[in-house]
Asker: 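My structure is below; once you've seen it, I'll send some questions.
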Amino acid sequence: MIIKMQTVATAGEIAAVEARVRDLGYTTGKMIGEQVTLIGVYGDISRLPVDEIGQMPGVERLIPISRAYKRVAQKGDPLKPIRVTVDIGGVTAGGADLVVIAGPCSVESESQIMDAARVVKEAGAQCLRGGVVKYRSSPYSGWEGLGSSDQDSLRRGLELIVRAGREFELPTVVEILDQADLPLYEDAGVACLQIGEPNSKNQALLNRLRETPLPVIHKRGNSLDTEAYLLWVERMLTGGKENVILCERGITSCNRYTRNTLDLGSVAAFHYQLSGLPVAIDASHGTGIRDLVFPLTLAGITAGASVVLVEAHPNPLVAKSDGMQGLFPEQLQGLVRAARETWLARVRTDREYVPSIALQRAYEARMQADRARFFGEG
Ligand code: PEP
Ligand code: MN
């Protein structure tokens, strides 16, 4: 925590704040600038009486410096952060290789999901996706997924996608909507769960998923601020769970042309600054437009994603949901090839990435040496 003093704070006020904080058992450090003084407070700041300190004479404000999402936050040397890898049924996400998860928006029938699995395998993707229960914005859409009527239908739907995945050696990724259904997903042999956008802030569901050994892809809610989203992801990790993948699938903006607005700035922030968890890019829901999925997926990889989530259908023209954004098989093949090229380019170009922290200290030392030389300051 940093305590920023007002520009008019007196030396006595500054000393009083330091003394009070030390009395409370903290060590302090001080930075005296030309205009303001900053007092650093070291130790477990969760016990710091922030209201009391904030109201002391001369205090302007308290600035927290550690992140509220401690487990999601990036760890290790900032020049070489620790990268978490997540195992999806034998496929490693966040490691040396790009992971492509592809498949239809929803599992529609046994033959459709078998065909889809073949298409996904032939394209070179490593995992099969497909929703068995669908979250629909209208109650009149007429289609909520094969598994929407009861637990038996859900069990049968899960079996279909798991069987198709096994046939083609593709671990499966399936969205879960209700925490009560978790045992069904686990027993069916699903390799990875997906939290859909509408459930991004579903407290009961996220709490329940703390207990599952299955990895989870947690999609960012479309009106969740970058770091507010990470705090929701943190919820699943509080009991020690680590195998979670972040996912950017577009946020709400003034833009109406695309279904959502893919927030690539946040993708870069997640990967380069805020977190060590793998980041997935979902340009299907991010754009809602089939022909924009290709460029935006590649842009997402360039920005920092190491996992691609993409909708593809044996024939998207007859898809029961999200047909407008589902790729044709030929398009999926081209996308997977291009995505792998882009990934290799990023791995190469990342060697040129220099975080400011690598330079800042040297420049500060240089400034100090100049001041000493010209003004005799030390
Ligand atoms: C989906 O993955 O099919 C889906 C509905 O995604 P989202 O929750 O991101 O809208
Ligand atoms: Mn969909």
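Remember, it's 1-based here, ligands and their atoms both numbered in the order they're listed. This chain uses plain numbering: 1 for the first residue, then up along the sequence. Excluded from the calculations below are hydrogen atoms, water molecules and symmetry mates; all remaining heavy atoms, backbone and side chain alike, are included.
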Asker: For Asp181, enumerate each residue passing the salt bridge (Lys or Arg N to Asp or Glu O under 4.0 Å) test, keeping only those at least two apart in sequence or located in another chain.
Answerer: none

Asker: Between Ser306 and Val279, does a side chain to side chain contact (heavy atoms under 4.5 Å, CB included) hold up when you go through it step by step?
Answerer: CA-CA 6 Å; Ser306 57; Val279 185; 5.6 Å; no

Asker: With the criterion set at N/O pairs under 3.5 Å, what does the list of contacts between the protein and ligand 1 look like, atom names and distances included?
Answerer:
unit_1, atom_1, unit_2, atom_2, d
ligand 1, 2 (O), Arg129, NH1, 2.8
ligand 1, 2 (O), Arg129, NH2, 3.4
ligand 1, 2 (O), Gln194, NE2, 2.9
ligand 1, 2 (O), Lys219, NZ, 3.0
ligand 1, 3 (O), Arg129, NH2, 2.9
ligand 1, 3 (O), Lys134, NZ, 2.9
ligand 1, 3 (O), His285, NE2, 3.2
ligand 1, 3 (O), Glu311, OE2, 3.1
ligand 1, 6 (O), Lys219, NZ, 2.9
ligand 1, 6 (O), His285, NE2, 3.3
ligand 1, 8 (O), Glu197, N, 2.7
ligand 1, 9 (O), Lys219, NZ, 2.9
ligand 1, 9 (O), Arg249, NE, 2.7
ligand 1, 10 (O), Arg249, NH2, 2.9

Asker: Tell me whether Ser106 contacts the main-chain N or O of Glu108 through its side chain, where contact means a donor paired with an acceptor under 3.5 Å.
Answerer: no

Asker: Would you check if the side chain of Thr238 reaches a backbone N or O of Arg235 as a donor-acceptor pair within less than 3.5 Å?
Answerer: yes

Asker: Could you tell me whether the side chain of Tyr257 and the main chain of Thr287 form a donor-acceptor pair under 3.5 Å?
Answerer: no

Asker: So does Glu211 have more than 12 non-hydrogen atoms from other groups sitting under 6.0 Å from CD?
Answerer: yes

Asker: Can a donor-acceptor pair be found, under 3.5 Å and without considering hydrogens, that links the side chain of Arg129 to the backbone of Cys105?
Answerer: yes

Asker: Just jot down the ring-ring contact (aromatic ring centres under 6.0 Å, His included) partners of Tyr353, sequence neighbours excluded, or say none.
Answerer: Tyr272

Asker: Anything protein N/O/S under 2.8 Å from the Mn ion (ligand 2)? Just list residue and atom, please.
Answerer: Cys105 SG, His285 NE2, Glu311 OE2, Asp322 OD2

Asker: Rounded to the nearest 0.5 Å, how far does CD of Glu197 lie from CD1 of Ile251?
Answerer: 11.0 Å

